[in-house]
2 protein chains.
Amino acid sequence: MIDVARLAGVSHQTVSRVVNGHPGVRPETAERVRAAIARLGYRPNATARALVTRRSGLIGALLAPGPDTDLLLAGIEAAVRAAGRTLLVTAVPPDDPAAAERLLDRVVDGCLAVAPPPALLDLLGALADPPPTVVVDGPATPLGPAVAPDHRGAARALTRHLLGLGHRTVHHVAGIPGSHSSAEREAGWRAALAEAGAAVPVPVPGGTGPAAGRAAGRLITARRASGEDVTAVLAADDTLALGVLRAFADTGPAVPGRVHVAGIGDRPEAAHLVPSLTTADTAARTVGERAARLLLERLEGRGAPDVQAPAATLRPRASTGHW
Amino acid sequence: MIDVARLAGVSHQTVSRVVNGHPGVRPETAERVRAAIARLGYRPNATARALVTRRSGLIGALLAPGPDTDLLLAGIEAAVRAAGRTLLVTAVPPDDPAAAERLLDRVVDGCLAVAPPPALLDLLGALADPPPTVVVDGPATPLGPAVAPDHRGAARALTRHLLGLGHRTVHHVAGIPGSHSSAEREAGWRAALAEAGAAVPVPVPGGTGPAAGRAAGRLITARRASGEDVTAVLAADDTLALGVLRAFADTGPAVPGRVHVAGIGDRPEAAHLVPSLTTADTAARTVGERAARLLLERLEGRGAPDVQAPAATLRPRASTGHW
DNA sequence: TTGTATGCGTTATCAA
DNA sequence: TTGATAACGCATACAA
């Protein structure tokens, strides 16, 4: 900056003014400064600026594993980028919550906690002065508000849809144990069964991902082999559903019959599988965007209005497997 | 830091020594300092530290859209986290290369350019003093070395495999136009066809994603309807392949016959589709990890050995569609 | 309209 | 073994 000042024949203070668009600089002077900046390829040092302004322009994202982490992150990244800020990302494995601390030691203006397990929220709460935080896909906390997909509504709508198709009950493959999304999805499923007075089968342990879904599908196959009434399955996410369908295909058509399998999330491939997957769109990407925008508005002091997560949209499709 | 110093009855400089584990502090003094740190919940300010050391501990990742961006990013994140550094992430849409500049204005110690289009590399090269850079999934540049998945080997092995199954030729659905991965994959496919003396059909425009694949699949359907010999298809990535299979299913079994469809990448769902997808594992996640480690080693001055990308592994599976 | 002086929270150099 | 002092590159109050 001093080099630029020297070249333009002004003080470094005037350079600062020009760089930050402050008023009260003669246009001709500003022009000289800009020329010098261009000539020297000068770029302001964000670190020094952050030190003195106490604002870094950095937003931290703490990512715990969940079924929609990638889509949530995509939305967050887009919103942060659109705001001209920069995103700091770290995964927070369940066995290493300290990964979050290493990120928070960077000076972040604000922080997004994605699908945080309780241990992570505790860690944040125990900080000397925690950054403004918005929870994405989790419960609101004293640290700040939360924005979450409509898991419950999605599960409920799907379960109702399946019951409406004539199934006497709907079995459930659960999501990641202890996660907010999985609890909400299970709650929605239970609610719809209760409304309809349907029997409530014991949920099948799942997790997330096609391999976990395939394993769960085998359990369901066994369940049916033991005589239970299984004609419809709601998996906690699309990737599980895909695996469940595969498990049914593995069994082969030896035992005749068809099962309707639904997922949750409407991942990009859901519509293009053979057969396409019945699911509900929870707009995870949009949720990520809105959460980030909420955080940004709070940082700018605007008393941000409560952010509404989009309602889940049912996507009835043909997804049946045979066995 | 001054508060800590006061509480421990030492100078701030001694606090700094303790924090950084410098030698020459009496153990008893160090203990007093540590106690004060704990009592006040003091955490060193990374910004101030970066200002004076000229090293921020930050690694920037510039992400251009590509078929494996998510897996590459996952590997990068893990390696950066394991090294105790922090990752800065920004997507660089083709229409907004300036997004990269905003990230680079942060002081990053080094930078990973993922699937960079030429425009992005130009932008990096034009910087006054560009950060040490490793290209991931792209060509090596004057800025630094590159680590890329074995696209060409994967495509070649798959094409050979299909030809070995007795197909007279293999049609190709291309990836993202102008991308390194897509050019390499196409080259591998051409090489295998040339070796076998097989006819080289015009590549079908694809892109990435199941929707693009489905559209490409329709083009192939039309191609066959016009009398061409189409019995095997190599799609440039698994998500395209999935869409292609769907397009064939859409056509229905009206015209009898089967097509063998293969993808590239071995995405997690590939093994669990019905039928499962023939593909080749390019270990994108591992490539991301290795690229990040290469960058980190260069930053630490170690004359890093050339990093070897893992060879592609063929995954022959049952993926046929009918029409 | 412009310049001078001060401080942001550290680390590094030197002297004690 | 420790402390005083000077940077690091910038923004901000104040003076000119």
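Lettering of chains follows the sequences in order, A, B, ..., and the numbering in each one begins at 1.
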Among dT1(D), dA13(D), dT2(C), which is the nearest nucleotide to the side chain of Gln13(A)? dA13(D)

Kindly indicate whether the side chain of His12(A) and the base of dT4(C) share any N or O donor-acceptor pair separated by less than 3.5 Å? no

Rounded off to whole Å, could you give me the CZ-to-C1' distance for the Arg106(A) and dG9(C) pair? 15 Å

Taking CG from Asp3(B) and P from dG9(C), how many angstroms apart are they, rounded to a whole number? 10 Å

In whole angstroms, how far is the P atom of dG9(C) from the CD1 atom of Ile37(B)? 16 Å

Contact class for Val19(B) (heavy atom, under 4.0 Å): base, sugar-phosphate, or nothing? nothing

Among the candidates dT1(D), dA11(D), dC10(D), find the nucleotide nearest to the side-chain atoms of Asn45(A). dC10(D)

dT2(D) phosphate, OP1 or OP2, under 4.0 Å from Thr29(B) side-chain N/O: yes

I'd like to know if Arg17(B) reaches the base of dG3(D) with its side chain such that a donor and an acceptor end up less than 3.5 angstrom apart. yes

Closest to the Val52(A) side chain: dT2(C), dG9(D), dT11(C)? dG9(D)

Counting only side-chain nitrogens and oxygens, does Ser11(A) get under 4.0 Å of the OP1 or OP2 atom of dT2(C)? no

Considering every strand and a 4.0 Å limit on heavy-atom distances, what is the contact class for Arg43(B): base, sugar-phosphate, or nothing? sugar-phosphate

Given atom CG of Asn20(A) and atom P of dT2(C), what is their separation to the nearest angstrom? 16 Å

Gap separating the CZ atom of Arg106(A) from the CG atom of Asn45(B), nearest 0.5 angstrom: 10.5 Å

Between Ser16(B) and dT11(C), is there a side-chain N or O to OP1/OP2 distance below 4.0 Å? yes

Quick check: does any side chain N or O of Ser16(B) sit under 3.5 Å from a backbone N or O of Thr14(B), one acting as donor and the other as acceptor? no

Please report the distance, rounded to the nearest Å, between CD1 in Ile2(B) and P in dT11(C). 13 Å

Interatomic distance, Leu51(A) CG vs dG7(C) C1' [rounded to whole Å]: 9 Å

If only side-chain N and O atoms of Arg49(B) are considered, is one of them under 4.0 Å from the OP1 or OP2 phosphate oxygen of dT11(C)? yes

Could you tell me the separation between the OG1 atom of Thr90(B) and the CG atom of Leu63(B), rounded to the nearest 0.5 Å? 7.5 Å

Please give, in whole Å, the distance from dG9(C) P to Arg55(B) CZ? 23 Å

Quick one: label Thr47(A) by what it contacts on the DNA or RNA (base, sugar-phosphate, nothing), any heavy atom closer than 4.0 Å. nothing

Starting at atom CZ of Arg26(A), determine the distance to atom P of dG3(C), rounded to an integer number of angstrom. 10 Å

Phosphate OP1/OP2 of dG9(D): any Arg54(B) side-chain N/O under 4.0 Å: yes

Test side chain to side chain contact (heavy atoms under 4.5 Å, CB included) applied to Arg102(A) and Asp96(A), step by step: CA-CA 11 Å; Arg102(A) 288 198 296 275; Asp96(A) 179 26; 3.6 Å; yes

Could you give the distance from CD (Glu77(A)) to CZ (Arg285(A)), rounded to the nearest 0.5 Å? 8.0 Å

If we ignore hydrogens and angles and just use 3.5 Å, is the side chain of Asp68(A) paired with the main-chain N or O of Leu71(A) as donor and acceptor? no

